Visitor: 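Got a structure for you, written out below as structure tokens; questions coming shortly.
Letters A, B, ... mirror the listed sequences (proteins, then strands); counts begin at 1. Both backbone and side-chain heavy atoms feed into the values below; hydrogens, waters and symmetry mates do not. These numbers come from a predicted model, not from an experiment.
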Number of protein chains: 2
Amino acid sequence: MPARRSPEPHERQRDPERTRQRILEAAAAEFGEHGYAGARTRAIAERAGVNQQLVSYYFGGKEGLYRAMSQQWEQRREGLAPPGTPLPDQLRNFALEALRSPAGVRMFAWSGLQWTGPDDDPDRAERSRMLGGGVDQLRELQAAGRLPAEVDPACLQVMLMAACMATTTLPHVIEGLTGADPRSPAFVAHFADQVAVLARLIGLDPQEPQTS
Amino acid sequence: MPARRSPEPHERQRDPERTRQRILEAAAAEFGEHGYAGARTRAIAERAGVNQQLVSYYFGGKEGLYRAMSQQWEQRREGLAPPGTPLPDQLRNFALEALRSPAGVRMFAWSGLQWTGPDDDPDRAERSRMLGGGVDQLRELQAAGRLPAEVDPACLQVMLMAACMATTTLPHVIEGLTGADPRSPAFVAHFADQVAVLARLIGLDPQEPQTS
DNA sequence: AGGTTTGTCAATCACATGATTAATTGACTG
DNA sequence: CAGTCAATTAATCATGTGATTGACAAACCT
């Protein structure tokens with residue numbers, strides 16, 4: 001009998017960490033597809049291949065699971081925009097995120113509609129920390145005179161983010177307007193390019209290394 | 001006793017048309033706030049001040065009510081963009097819609113996330129009918145050489161729509177970035193102006209009556 | 001090995017939800 | 001005024017839902 005002595009964590013029959021992770025992944029998928037109200041705890045357990053009770057055991061119920069998972073996603077989002085990247089590319093990358101982790105983008109969209117106010121928003125801190133950078137870049141651009149004074153950088157940033165998420169938030173509009181499948185890799189890529197084009201149109205190009 | 005003979009419809013104790021309408025309005029509010037899955041039939045009945053059963057009586061249940069109401073909203077949306085209006089103003093108006101009928105805009109946003117495909121989309125027809133105009137204007141603009149060839153007019157239109165809806169779809173981002181209340185009339189108005197500014201930045205201004 | 005803790009499961013509960021049924025009330029007809 | 005139909009209500013149902021309970025089994029400790 002091959003009764004091994006010290007099984008590697010990933011081979012163990014009982015691996016709480018792995019189970020936790022599986023539940024979180026399943027939750028992201030389910031919540032992403034149906035939103036908080038539409039998601040079913042049973043469905044999450046099934047997706048994860050575990051017993052439903054474990055959701056309560058590890059996260060204290062549906063709400064706790066939602067919080068844990070959304071927080072995890074907010075943190076993951078922080079690494080999304082490397083500081084040095086030119087804005088058009090940064091935006092294109094964000095638009096492409098709909099391809100890399102559709103569930104994450106969808107969750108982000110749901111959370112916007114569910115948002116009720118600054119209070120009871122557990123992810124407020126992570127979010128504002130993550131979003132500061134983009135606005136700063138726009139402010140610099142404006143200070144350099146490359147953006148009209150009438151532009152409010154924060155608003156512009158928000159509008160561009162909304163634009164990037166359109167394949168997720170407005171698929172019905174896209175389908176009705178172009179006939180294309182808003183979620184197909186081909187279209188998302190095309191759309192991401194168009195976001196970059198828009199950014200360039202506004203004049204967010206990286207300037208050639210300073211003439212004066 | 002003032003037993004009047006022909007009471008005006010709105011004074012009658014029993015007025016099916018009025019009841020129908022009250023239910024539809026209540027439904028818009030409830031569905032707008034919580035989305036389809038989150039909305040409660042009981043809450044709709046209470047808002048409307050009628051018995052819950054009437055929802056089934058008039059609309060055949062929650063789903064029927066949702067369909068009826070969303071269709072009504074799609075139709076109402078058609079009158080939103082008068083043909084002659086310059087694009088920047090048209091966009092500003094759309095952004096201001098978050099003030100005039102928040103429920104309508106929110107419903108539109110929910111429907112995007114719930115959207116599963118061209119099939120089982122009852123409002124497809126109305127939507128595409130309503131959206132055609134904007135893209136045409138952009139195409140003309142492009143044909144006139146006032147918009148780079150690399151721009152895909154349909155995508156641009158979608159991105160601008162998404163931007164207009166940002167006070168509704170990304171309130172958490174707005175709050176975290178500006179500290180302002182994303183739903184306050186003051187901010188929505190400011191944001192709508194910024195949308196117009198963006199439109200002008202892209203060059204969607206109405207051209208002064210042709211020089212050549 | 002024996003006992004304790006921790007991870008997992010099956011079975012079940014209490015409750016909210018959407019729907020149904022049947023009764024009631026008001027309006028219109030002849 | 002009786003009778004009929006439409007509008008509205010109250011009471012109840014079947015079911016899906018998230019949560020709980022208690023058994024039990026694998027790992028850990030000595």
Visitor: Given dT8(D), is OP1 or OP2 found less than 4.0 Å from the side-chain N or O atoms of Y57(B)?
Guide: no

Visitor: Between R22(B) (CZ) and dA7(D) (C1'), how many Å, whole number?
Guide: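 The distance from CZ of R22(B) to C1' of dA7(D) comes to 15 Å, rounded to the nearest Å.
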
Visitor: Would you please indicate if the ring centroids of W110(B) and W110(A) are separated by under 6.0 Å?
Guide: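 Yes, they do, as the ring centres are separated by less than 6.0 Å.
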
Visitor: Between C1' on dA25(D) and CG on D15(A), what's the gap in Å once rounded to a whole number?
Guide: 16 Å

Visitor: Any side-chain N or O of T19(B) less than 4.0 Å from the OP1 or OP2 oxygen of dT8(D)?
Guide: yes

Visitor: Could you give the CZ-to-P distance, from F59(A) to dA19(D), as a whole number of Å?
Guide: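 For the pair F59(A) CZ and dA19(D) P, the rounded distance is 13 Å.
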
Visitor: Any idea which of dA7(D), dT9(D), dT8(C) is nearest the V50(B) side chain?
Guide: dT9(D)

Visitor: How long is the line joining CD1 of I23(B) and P of dT9(D), in whole Å?
Guide: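 After rounding, the gap between these two atoms is 9 Å.
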
Visitor: Which whole-number value in Å describes the distance from E46(A) CD to dC9(C) C1'?
Guide: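 Value for this atom pair: 14 Å.
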
Visitor: Report, as a single string ordered 5' to 3', how protein heavy atoms within less than 4.0 Å touch nucleotides 13-21 of chain C: B base, S sugar-phosphate only, - not at all.
Guide: ----BBBBB

Visitor: Verify the distance criterion only: is there a donor paired with an acceptor across the side chains of S101(A) and E97(A) at less than 3.5 Å?
Guide: yes

Visitor: Check residues 158-170 of chain B and write down every donor-acceptor pair under 3.5 Å in which the side-chain atom is one partner and the other belongs to a residue at least two apart or another chain.
Guide:
from: T169(B); atom 1: OG1; to: M165(B); atom 2: O; distance (Å): 3.2

Visitor: What integer distance in Å separates L54(B):CG from dT24(C):P?
Guide: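 Checked: the CG to P distance equals 17 Å.
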
Visitor: Tell me, with the steps shown, if H172(A) and D121(B) meet side-chain hydrogen bond (donor to acceptor under 3.5 Å, both in side chains).
Guide: CA-CA 8 Å; H172(A) 49 350; D121(B) 178 359; over 6 Å; no

Visitor: Should the ring pair Y36(A) and F31(A) be called parallel, tilted or perpendicular, given that the plane angle runs from 0 to 90° and is split at 30 and 60?
Guide: parallel

Visitor: Given atom NE2 of H34(A) and atom P of dG18(D), what is their separation to the nearest angstrom?
Guide: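 Whole-Å distance recorded here is 12 Å.
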
Visitor: Mind listing the closest non-hydrogen atom pair of R40(A) and E30(A) along with its distance?
Guide: N-OE2, 3.0 Å

